[in-house]
Amino acid sequence: MKIRVLGSAAGGGFPQWNCNCRNCSGWRSGTLRARARTQSSIAVSGRDAVNWALVNASPDILAQLKANPVLQPGRAPRDTAIAAVVLVDAQIDHSTGLFMLRESTRPLQVWCTDGAHADLTGGNPIFRVLSHYCGVERHELKPDGSEFALDGIEGVRWRALAVASKPAPYSPHREAPVPGDNVALVIGAGDSGGAAVYAPGLGAMEAPVWRAMQAAACVLVDGTFWSDDEMIAMGLSSKPGREIGHLPQSGRGGMLEWLDKLPAATRRILIHVNNTNPILDEDSAERAQLTSRGIEVAWDGMEIEL
Ligand code: MLT
Ligand code: MN
Ligand code: ZN
């Protein structure tokens with residue numbers, strides 16, 4: 001099983017078009033050692049290595065497909081390696097890329113929870129709009145940890161676990177989240193038995209996802225903010241990270257404390273990194289702290305084999 005990181009940044013990407021934070025302006029002026037990153041998405045392939053599941057459809061998907069030619073096998077005049085799409089939530093950065101796939105020659109096979117489905121047919125009716133193009137065949141993603149398989153992706157076992165986070169700002173139930181608005185995915189290699197946990201939005205650590213992380217060979221988890229008040233301190237938002245559904249890395253009960261408790265052999269990767277996060281600066285003290293703890297920062301094009 002292969003996991004390829006298509007986009008390692010949070011909503012807005014890095015640099016963000018209208019942002020002049022230290023990171024974004026430092027990247028533009030060339031004074032910061034950091035890689036640009038597109039918005040949040042990974043792709044997963046199984047035994048046959050031709051077909052891929054797209055996990056989250058980022059607004060940057062067209063650039064991501066150009067950067068990853070393996071996703072275009074070229075078997076027919078119109079073709080794609082994307083056999084299925086799995087959504088961890090209905091946020092803009094994870095779902096609006098579906099519009100860019102509207103030329104598909106068959107309905108998009110999209111797996112999402114009932115909560116995400118309600119938002120993608122209601123608050124942001126992407127599925128209804130796409131019914132005028134290629135259409136969407138929606139498959140129910142149950143956020144209860146039950147195992148499922150994706151047609152065309154052989155030898156990969158999937159499970160979805162509800163996580164504490166937030167539905168999208170446009171959601172009619174933004175302030176009354178339901179289980180399954182956001183999920184973590186447990187993606188298991190049928191052959192090697194090793195599993196990865198992918199959770200780009202994780203507002204608080206709860207028992208089911210923590211158990212899955214402890215059993216995983218690799219975790220790709222919420223790397224949005226270094227500190228809870230990061231956006232407030234920069235004058236960019238009035239809300240702490242936790243309140244918008246992202247557990248910060250530093251501080252008591254932060255992601256670093258959790259990652260430190262994982263078995264020594266677990267590969268630890270932060271993903272969905274916001275452009276304000278100091279870990280993007282490869283010369284920062286925060287990045288050095290990650291390195292000393294054995295924690296990696298995902299980058300676009302990173303590949304993980306399990
Ligand atoms: C989030 O992860 O909190 C959202 O994706 C932010 C956004 O898309 O604007
Ligand atoms: Mn996001
Ligand atoms: Zn910025």
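All ligand and atom numbering here is 1-based and tracks the order in the structure. Below, each value reflects all heavy atoms present in this structure, side chains not excepted, and no hydrogens, waters or symmetry copies.
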Undergrad: I'd like to know if the Mn ion (ligand 2) has an N/O/S atom from Asp89 within less than 2.8 Å of it, counting both backbone and side-chain atoms.
TA: no

Undergrad: Where is the nearest protein heavy atom to atom 6 (C) of ligand 1: which residue, which atom, and how far?
TA: Gln91 OE1, 4.2 Å

Undergrad: For Asp93, what is the atom name of its N, O or S atom nearest to the Mn ion (ligand 2)?
TA: OD2

Undergrad: Which heavy atom of the protein is the closest neighbour of atom 5 (O) of ligand 1, given with residue, atom name and distance?
TA: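 Checked against all protein heavy atoms, atom 5 (O) of ligand 1 sits closest to Asp93 OD1, 2.8 Å.
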
Undergrad: Report the part of His246 in contact with ligand 1, treating N, CA, C, O as backbone and CB onward as side chain, heavy atoms under 4.0 Å; options are side chain, backbone, both, neither.
TA: side chain

Undergrad: Please confirm whether Lys166 approaches ligand 1 to less than 4.0 Å, judged on its heavy atoms.
TA: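 Outside the 4.0 Å threshold, so no.
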
Undergrad: So does Glu282 pair up with Arg33, basic N to acidic O under 4.0 Å?
TA: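 Result for this pair is yes, salt bridge flagged.
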
Undergrad: Taking N, O or S atoms only and a limit of 2.8 Å, check whether His272 reaches the Mn ion (ligand 2).
TA: yes

Undergrad: Check whether the side chains of Trp210 and Gln214 place a donor and an acceptor atom closer than 3.5 Å, and report yes or no.
TA: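 On atom types as modelled, these side chains qualify, holding a pair under 3.5 Å.
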
Undergrad: Using 2.8 Å as a strict upper limit, say whether an N, O or S atom of Asn275 approaches the Zn ion (ligand 3) that closely.
TA: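 Given the 2.8 Å cut-off, Asn275 counts as a ligand of the Zn ion (ligand 3).
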
Undergrad: Measure centre to centre between the rings of His272 and His94, then say whether the value is under 6.0 Å.
TA: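 Close enough - the centres of the two rings lie under 6.0 Å apart.
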
Undergrad: Is it true that the side chains of Asp300 and Thr38 contain a donor and an acceptor less than 3.5 Å apart?
TA: yes

Undergrad: Just to the nearest 10 degrees, tell me the angle at the Zn ion (ligand 3) spanned by Cys19 SG and Cys21 SG.
TA: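 Taking the Zn ion (ligand 3) as the apex, the two atoms subtend 110°.
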
Undergrad: In the protein, what heavy atom is nearest to atom 9 (O) of ligand 1, and what distance, to one decimal place, separates them?
TA: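 Nearest protein contact, heavy atoms only, for atom 9 (O) of ligand 1 is Gly11 CA, 4.6 Å.
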
Undergrad: Side chains of Val186 and Trp158, heavy atoms from C-beta outward: is any pair under 4.5 Å?
TA: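 A side-chain contact is absent here, since even the closest heavy-atom pair is not under 4.5 Å.
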
Undergrad: Would you check if there is a donor-acceptor pair between the side chains of Thr121 and Arg128 at a distance under 3.5 Å?
TA: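 The answer is no; no qualifying pair exists.
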
Undergrad: With the 4.5 Å side-chain cut-off for hydrophobic clustering, are Ile42 and Leu101 part of the same group?
TA: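 Shared cluster, no.
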
Undergrad: What I want to find out is whether Glu147 reaches Arg159 closely enough, with some N-O distance under 4.0 Å, to be called a salt bridge.
TA: no

Undergrad: Within a distance under 4.0 Å of any heavy atom of His272, pick out the atoms of ligand 1 and give their elements.
TA: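 Reading through ligand 1 atom by atom, the close ones are 2 (O).
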
